[in-house]
Amino acid sequence: QVQLVESGGGSVQAGGSLRLSCAVFGYTYSTYYMGYMGWFRQAPGKEREGVASIYTYGGDTYYADSVKGRFTISQDNAKNTLYLQMNSLQPEDTAMYYCAASTSPSRLLHPAEYNYWGQGTQVTVSS
């Protein structure tokens, strides 16, 4: 059974940085069930939204407009781990961040297209 475990969240001031990690257990990274990996976030009272996605075979990356130029998604296949480097954090980035996996999503940043989810890690940015 696939298990995704996020870590790296915390509290930072605006302008700061954090790096989130997502360890994958149960399946070898970059296999059929995990063709795409993504980071999503959900703030209180808001819908879950896609932040970034990566094609695990080729490394192609995709970002939401709100994080382009500030966030970087990456992977270490040997470590079965997905990362999200977040720079220039702003209070509006405050949310629970989740990693997720999908075989072949038609909408790369849409939560409904992803099958496996972690429990999330909280990111809080203060002004």
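No experiment lies behind these values; they were computed from the predicted model shown.
Residue pairs meeting the salt bridge (charged side-chain N to carboxylate O under 4.0 Å, His left out) criterion with at least one partner in residues 2-18, sequence neighbours excluded, are absent.
Across all non-hydrogen atoms, the minimal contact from V51 to L109 is C-CD2, 4.1 Å. Across all non-hydrogen atoms, the minimal contact from A112 to R107 is CB-NH2, 4.4 Å.
For the atom pair CE of M37 and OG1 of T81, the computed distance is 9.0 Å after rounding to the nearest 0.5 Å. For the atom pair T72 OG1 and M86 CE, the distance stands at 11.0 Å (nearest 0.5 Å). F40 contributes atom CZ, which lies 13.0 Å from atom CD of E47 (distance to the nearest 0.5 angstrom). Taking OG of S21 as the reference point, atom CG of L84 lies at 9.5 Å (rounded to 0.5 Å).
Residues satisfying the side-chain contact (heavy atoms from CB on, under 4.5 Å) test with K68, not counting sequence neighbours, are Y63, D65. Partners of Q3 under the side-chain hydrogen bond (donor to acceptor under 3.5 Å, both in side chains) rule, at least two apart in sequence or in another chain, do not exist in this structure. The side-chain contact (heavy atoms from CB on, under 4.5 Å) search around P105 returns Y36, S102, L108, E113, Y114, not counting sequence neighbours.
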Report task. Could you check Y116 against T103 for side chain to side chain contact (heavy atoms under 4.5 Å, CB included), going step by step and ending with a plain yes or no? Result -> CA-CA 10 Å; Y116 303 99; T103 53; 5.7 Å; no

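By the criterion of side-chain heavy atoms lying less than 4.5 angstrom apart, applied directly or through intervening Ile, Leu, Val, Met, Phe, Trp or Tyr residues, I73 is not grouped with Y83; the two fall into different hydrophobic clusters.
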Compile the donor-acceptor pairs under 3.5 Å between side chains in residues 90-101 and protein atoms, sequence neighbours left out, one pair per line.
residue	atom	partner	partner atom	Å
Q90	NE2	S88	O	3.3
D93	OD1	R41	NH1	2.9
D93	OD1	R70	NH2	3.0
D93	OD2	R70	NH1	2.8
D93	OD2	R70	NH2	3.4
D93	OD2	Q90	N	2.8
T94	OG1	P91	O	2.9
T94	OG1	V125	N	2.9
T94	OG1	V125	O	3.4
Y97	OH	R41	NH1	2.9
Y97	OH	D93	O	2.6

For residues 8-17, tabulate all N or O donor-acceptor pairs below 3.5 Å that involve a side-chain atom, not counting sequence neighbours.
residue	atom	partner	partner atom	Å
S17	OG	N87	OD1	2.9

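Proximity of a side-chain donor or acceptor of W117 to a complementary backbone N or O of L4 within less than 3.5 Å is not detected.
Of the options L20, T61, L89, a side-chain contact (heavy atoms from CB on, under 4.5 Å) to F71 is made by L89 and by none of the others.
Between N115 and V2 there is no side-chain heavy-atom pair separated by less than 4.5 Å.
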